[in-house]
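Here is the structure we will look at, set down as structure tokens.
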Number of protein chains: 2
Amino acid sequence: MSVKTGKRGRPSQLSAERIVECAKAMQVKTGKIPSIRALSAELEVDPMAIYHYFRNKSALLEAVCLSLIEAIHNPQGEDWRAEIVALSQSYLTLLSTHPGLLETLLSMTGTGPAQVFIERYERALRPLVLPQETLNQSRDLLVDYLHGYALAMQGSQGALTIELLDGPLSFWMRALEREAAEA
Amino acid sequence: MSVKTGKRGRPSQLSAERIVECAKAMQVKTGKIPSIRALSAELEVDPMAIYHYFRNKSALLEAVCLSLIEAIHNPQGEDWRAEIVALSQSYLTLLSTHPGLLETLLSMTGTGPAQVFIERYERALRPLVLPQETLNQSRDLLVDYLHGYALAMQGSQGALTIELLDGPLSFWMRALEREAAEA
DNA sequence: TTTAAAAACTCTACGGCGTAGAATAATTCG
DNA sequence: CGAATTATTCTACGCCGTAGAGTTTTTAAA
């Protein structure tokens, strides 16, 4: 945690980044979150060394989550459908590539991936004129749908694919479109 | 597991039902799934006794899930909106009353709560004339939304309520209504 | 009445987990 | 050289699920 960057003291072979990257790599490779012991073995270090950089395992997992944010599509254009599809797909890909992080992600209070998704969702829908309430309702529906589907994907190993997002998502977009047409 | 009901052998103080009921009660009380050790302590029995009735812990949790099915609303009427609301609310209540069972539930292949929800969903929407594809899309959207929201509820301890289901659900129902009007 | 079979349950133990707390190692500054 | 500072390791505790062998309690056959 509080790692001083001054030159005094024993030099470090480890770093928060190295730990996070290693944890991420192991998770992608094995499909599940590594134990602290397995992680430290991979880093060729004592398990307790991890705790010099992270308060506890949960703090480490939050750091992993934060490092994933950059993989979320950042909408810039005015084609809201295309942006929503790209946004949803990138988010779902992220979630399904890193199973087991969902709980951590949802318990994060600050600027986690979920929060970032919501911000970019709102940016993507800027071209649409809609009452705030409708915007909120559709947002909650979409966000929690994605979380739920990601959970289902990790439950039924491999049977579900990212492509199956398309159907429900197009239903959702039609709905939004009609709401906009009415306003 | 394979519990013979014949009269031979030592009589049993335990039963699969008693174990399941106790596990359920402890889970509702503490908000999390009990360990086998804690469960067996409550039952005043050796931990390994549980394994006479269940192959492993996961099988026990599946049994708990099965016992929850009866709490799911069973639509009989023709007012599809009312039925969907009741169905969704009962399902979400179930999920939020029994946190930690979501993963088990989603990994169940046979007739689990999720499967039953889907059957009753289809029954509820019988009055509506809709293409099968639309029916599937909206179903997946709703089911996974509910799972995602349940997960969010258990993540952010107590901050989210069942009432917050109303907004997204009404958006979803408006969408379905418009799809039906168009057909 | 003894005995064997059967069923229900207990005992002991293993290997895993997260992590607390004390000890040690390696560096820099006075 | 010694003291301070930082990084890392060592040892140990209390959880967890559960394998495998042993024990208790019953019924049915000999």
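Labels below follow one simple rule: chain letters A, B, ... track the order of the sequence lines, proteins then strands, and each chain is numbered from 1. The model shown is predicted, which means the values in this text are computed figures rather than measured ones. All values below come from the heavy atoms of this structure, side chains included, with hydrogens, waters and symmetry mates left out.
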Worksheet item: Side-chain N or O of B:H52 less than 4.0 angstrom from OP1 or OP2 on C:dC9?
Response: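 Checking B:H52 against C:dC9: no side-chain N or O falls below 4.0 Å of OP1 or OP2.
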Discussion item. Side-chain N or O of B:Y51 versus OP1/OP2 of C:dT10: is the shortest distance under 4.0 Å?
Written reply: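 Looking at the OP1 and OP2 atoms of C:dT10, neither is under 4.0 Å from any side-chain N or O of B:Y51.
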Discussion item. Contact between B:L169 and B:W172 at the side-chain level, heavy atoms closer than 4.5 Å - yes or no?
Written reply: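 The answer is yes; the side chains approach within 4.5 Å.
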Taking atom [atom2] of [N] as reference, at what distance in whole Å does atom [atom1] of [X] sit?
X	N	atom1	atom2	answer
A:R10	C:dC29	CZ	P	18 Å
B:R8	C:dA4	CZ	C1'	8 Å
B:I19	C:dA8	CD1	C1'	11 Å
A:R37	D:dC15	CZ	P	16 Å
A:Y53	D:dT9	OH	C1'	13 Å
B:L39	D:dC16	CG	P	11 Å
A:K57	C:dC17	NZ	C1'	8 Å
A:L14	C:dA26	CG	C1'	15 Å

Does [X] use its side chain to pair, donor to acceptor, with the backbone of [Y] at less than 3.5 Å?
X	Y	answer
A:Y149	A:L92	no
B:S156	B:A152	yes
A:R81	A:E177	no
B:Q27	B:P99	yes

Worksheet entry | Minimum heavy-atom distance B:F54-B:A63, with the two atoms named |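 Between these two residues, the closest heavy atoms are CE2-CB, 3.6 Å.
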Ion pair check, [X] and [Y], cut-off under 4.0 Å:
X	Y	answer
B:E179	A:R178	yes
B:E21	B:K24	yes
A:R139	A:E133	no

Item to complete: Apply the side-chain hydrogen bond (donor to acceptor under 3.5 Å, both in side chains) test between B:E83 and each candidate in B:R120, B:H73, B:Q76, B:R126; give the one that qualifies.
Response: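 By the side-chain hydrogen bond (donor to acceptor under 3.5 Å, both in side chains) criterion, B:E83 pairs with just one of B:R120, B:H73, B:Q76, B:R126: B:H73.
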Worksheet item: For DNA chain C, which residues in residues 41-49 of chain A have a heavy atom at a distance below 4.0 Å?
Response: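 Of all residues in residues 41-49 of chain A, the ones placing a heavy atom under 4.0 Å from DNA chain C are A:M48.
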Worksheet item: Tell me, which of residues 23-36 of chain A have any heavy atom that sits under 4.0 Å from an atom in DNA chain C?
Response: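 Close to the strand are A:S35, A:I36.
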Discussion item. Does either side chain, that of B:S138 or that of B:Y121, offer a donor lying less than 3.5 Å from an acceptor on the other one?
Written reply: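 A pair is found: one side chain offers a donor N or O, the other an acceptor, under 3.5 Å apart.
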Practice prompt. For the helix from C:dT1-D:dA30 to C:dG30-D:dC1, figure out the bend between the end axes, five pairs an end, and round to 10 degrees.
Written response: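 Comparing the axis at each end, I get an angle of 40°.
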